[in-house]
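Read the structure below first, then the notes.
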Amino acid sequence: MKNRKINYLRNSLLFGLIILINISCERDLSDEATNATFPKTADVFIDAPVAMGTDFYFPYGGSKATAWSIDNQVSYKGTASMRFDVPNENDPEGNYAGAIFRVDGAGRDLTSYDALTFYAKASRGIIPNALGQGGCEFGFGEDFFPNKYIASITQVSVGTAWTKYIIPIPDASKLLQEKGMFRIAAGTQNTGGAGYSLWIDELKFEKLGTILPLNASIMNGTNVTRTTFVGVTSVVNGVVANFNMPNGINQSVTIAPAYLNFVSSNPSVATVNDAGVVTPIAAGTATITATFNGQPTTGSLIINCTGTYVNAPTPTLNPSNVISIFSDAYTNVPVEYYNGYWQPWQTTVSNDFSVLGDNVLNYTNFNFVGIEFDGPTVNATSMTHFHMDAFIPGPIAPGRQLRVIVVDFGANGVFGGGDDTRHSTTFTATTPTPIVSQNWISIEIPFSAMPGLLNRNNLAQIILEGGDNSILYVDNIYFHN
């Protein structure tokens, strides 16, 4: 506007006044307008939810939805607190208390703070066990989509007296519009399955100024190699940052990859985005590393891309002759989970992927894994065979075995009760269906070869065993005749 030339002398006084008014208004908008900002409200719960809207409580799947309430009888300060009644492990409504508290609106600007703080106590002492299980998990940044800036403290001990807890914000500059104000998960792993009550009060974001970022790691501080294919994405995980706290003790915080800055040693082989998603684009090797607050992290993800992904064979059986557990070629029966993560001995985690619409189960750190479909169970009395396609992308260790276990829950249709039966079939390098690398293995097992499986009216589980902490792809799991 400053360079615009208007000859007011050729116009009437009224017209000139109109122009001047318009110019003044335009100058105000263009020269003085600022970007929209979001509330910087620090409080989340102070006697009641603060500026959270009307729809802010979202329980996790499998948790007891009614575990959370407002307790007007117990508080650290003021008149009320948040109460979580952790259920007994056999509660039919859910075996733990877990939820997120998400702003019902545009979100908040948290760039002025460096921590989420709160006071907590429990009706009994809650501590992790010797295997690091149990305790409580607290955090923020989870909004169910896109969960970009989650930060959590895990395996937290909670006593019977009010204690202040502090969760450092890894990089507040990124939290310009955050909706995920609080997340909690509490179970009964170390209470003998017995429930208890947990209270949270004075939940808010603060600027303490006494938290010192130390270092961070990816892949849990180790150098992990993944053999993969063009277009099959991987996610950098095991991201942990360490902070020196106001009490002088160092605190580990599990954080989202988006708090880090990533780099690929060979972008022509694999690229990595700011959320830690790695995409192989050509055959070769690339190493993914990261920095946190300008300092290198420990650990790395080494991508060994072998080239173009080869899909599992496409099933050709008539759908009327198939009961499908996992396949894009058929309609699958309801499946409760494809990885139950049975603690404490299981190491297998899921990193499932999809290539051009073909969904694949991807088990990493594979030692054993359970697939369960007991809601309802499957009646396969009219079927004659079990089928599964498996792919091992890495090298095959000498003596490597893969066991397939099919489980029936018996006449009562539930786990246990003394009537469950199962049969285990083992495959090695010398069996008729040999275990090989870099090729799809089509496994066919007739039920007539499963003498340990006395019935198949209530099939409920498929268990895969025999891994050596390697990688296993699985596709096309079904029963057929």
Side-chain angles (χ1 to χ4, degrees), residues 35 38 100 102 107 109-111 139-152 169-180 183 213 215-241 253-309 349-365 393 471 473:
N35 293 329
F38 299 95
I100 69 167
R102 182 180 70 190
D109 179 352
L110 303 179
T111 57
F140 62 87
E142 186 172 14
D143 55 13
F144 286 165
F145 183 81
N147 296 336
K148 190 172 184 179
Y149 296 118
I150 298 177
S152 300
I169 297 177
D171 184 352
S173 68
K174 298 180 180 293
L175 305 184
L176 294 167
Q177 189 185 357
E178 182 57 58
K179 291 186 177 183
R183 61 180 303 269
N215 49 49
S217 60
I218 64 174
M219 312 307 296
N220 295 311
T222 61
N223 300 316
V224 176
T225 299
R226 288 181 183 166
T227 301
T228 185
F229 303 91
V230 172
V232 179
T233 59
S234 296
V235 178
V236 175
N237 52 29
V239 183
V240 178
V253 182
T254 301
I255 67 175
Y259 283 112
L260 307 182
N261 292 315
F262 293 96
V263 63
S264 169
S265 67
N266 194 348
S268 63
V269 169
T271 60
V272 57
N273 66 13
D274 61 358
V277 178
V278 183
T279 304
I281 56 179
T285 301
T287 301
I288 308 301
T289 55
T291 58
F292 175 63
N293 286 330
Q295 299 299 314
T297 63
T298 58
S300 66
L301 175 58
I302 303 167
I303 296 296
N304 178 26
C305 181
T306 60
T308 303
Y309 175 76
V349 295
S350 294
N351 190 24
D352 303 337
F353 60 85
S354 178
V355 180
L356 299 176
D358 180 25
N359 296 294
V360 180
L361 298 175
N362 179 18
Y363 297 120
T364 62
N365 297 327
I471 296 176
Y473 302 158

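Contact of the Thr306 side chain with the Thr227 side chain is registered, since non-hydrogen atoms from C-beta on lie closer than 4.5 Å. Residues Arg183 and Ile150 meet the side-chain proximity criterion, which asks for heavy atoms closer than 4.5 Å. Side-chain contact between Thr111 and Leu176: present, with at least one pair of heavy atoms (C-beta onward) separated by less than 4.5 Å. Looking only at side-chain heavy atoms (C-beta outward), Ser300 and Val224 stay at 4.5 Å or farther from each other. Counting only heavy atoms from C-beta outward, the side chains of Thr364 and Asn362 approach each other to under 4.5 Å. The shortest side-chain heavy-atom distance between Phe262 and Val236 falls under the 4.5 Å cut-off. Taking the side chain as every heavy atom from C-beta outward, Ile218 and Leu260 approach each other to under 4.5 Å. The closest side-chain heavy-atom distance from Pro170 to Phe292 is below 4.5 Å.
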Using salt bridge (Lys or Arg N to Asp or Glu O under 4.0 Å), reason through Lys148 and Asp143 one step at a time and then give a plain yes or no. CA-CA 9 Å; Lys148 190 172 184 179; Asp143 55 13; over 6 Å; no
Give the intermediate values and the outcome of side-chain contact (heavy atoms from CB on, under 4.5 Å) for residues Val355 and Val360. CA-CA 8 Å; Val355 180; Val360 180; 5.9 Å; no
Apply the test side chain to side chain donor-acceptor pair (under 3.5 Å) to residues Asn220 and Thr222: give CA-CA distance (whole Å), side-chain angles for both, the deciding distance (0.1 Å), then the verdict. CA-CA 6 Å; Asn220 295 311; Thr222 61; over 6 Å; no
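Ala270 approaches Ala286 most closely through the heavy-atom pair CB-CB, 4.0 Å. Here the closest non-hydrogen pair linking Gly221 and Thr298 is CA-OG1, 3.8 Å.
The closest donor-acceptor contact from the side chain of Asn293 to the backbone of Gln295 lies at 3.5 Å or more, if one exists at all. In this structure a side-chain-to-backbone donor-acceptor pair under 3.5 Å is present from Asn147 to Phe144. In this structure, the side chain of Tyr259 engages the main chain of Tyr149 through a donor-acceptor pair within 3.5 Å. Between the side chain of Thr225 and the main chain of Ile302, no donor-acceptor pair closer than 3.5 Å is present. A donor-acceptor contact shorter than 3.5 Å links the side chain of Asn273 to the backbone of Ala275. Looking only at distances, a side-chain donor or acceptor of Ser265 sits under 3.5 Å from a matching main-chain atom of Thr287.
Between Phe140 atom CZ and Glu178 atom CD the span is 7.5 Å, to the nearest 0.5 Å. Note that CD1 of Ile288 is 6.0 Å distant from CG of Leu301, once rounded to the nearest 0.5 Å. Interatomic distance, Ile303 CD1 to Thr228 OG1, rounded to the nearest 0.5 Å: 6.0 Å. Between atom OH of residue Tyr473 and atom CG of residue Asn351 there is a gap of 8.5 Å, rounded to the nearest 0.5 Å. Atoms CD1 and OG1, on Ile281 and Thr279 in that order, are 8.5 Å from each other to the nearest 0.5 Å. For the atom pair Asn266 CG and Thr285 OG1, the distance stands at 8.0 Å (nearest 0.5 Å).
Here Phe353 and Tyr309 bring their ring centres to under 6.0 angstrom of each other.
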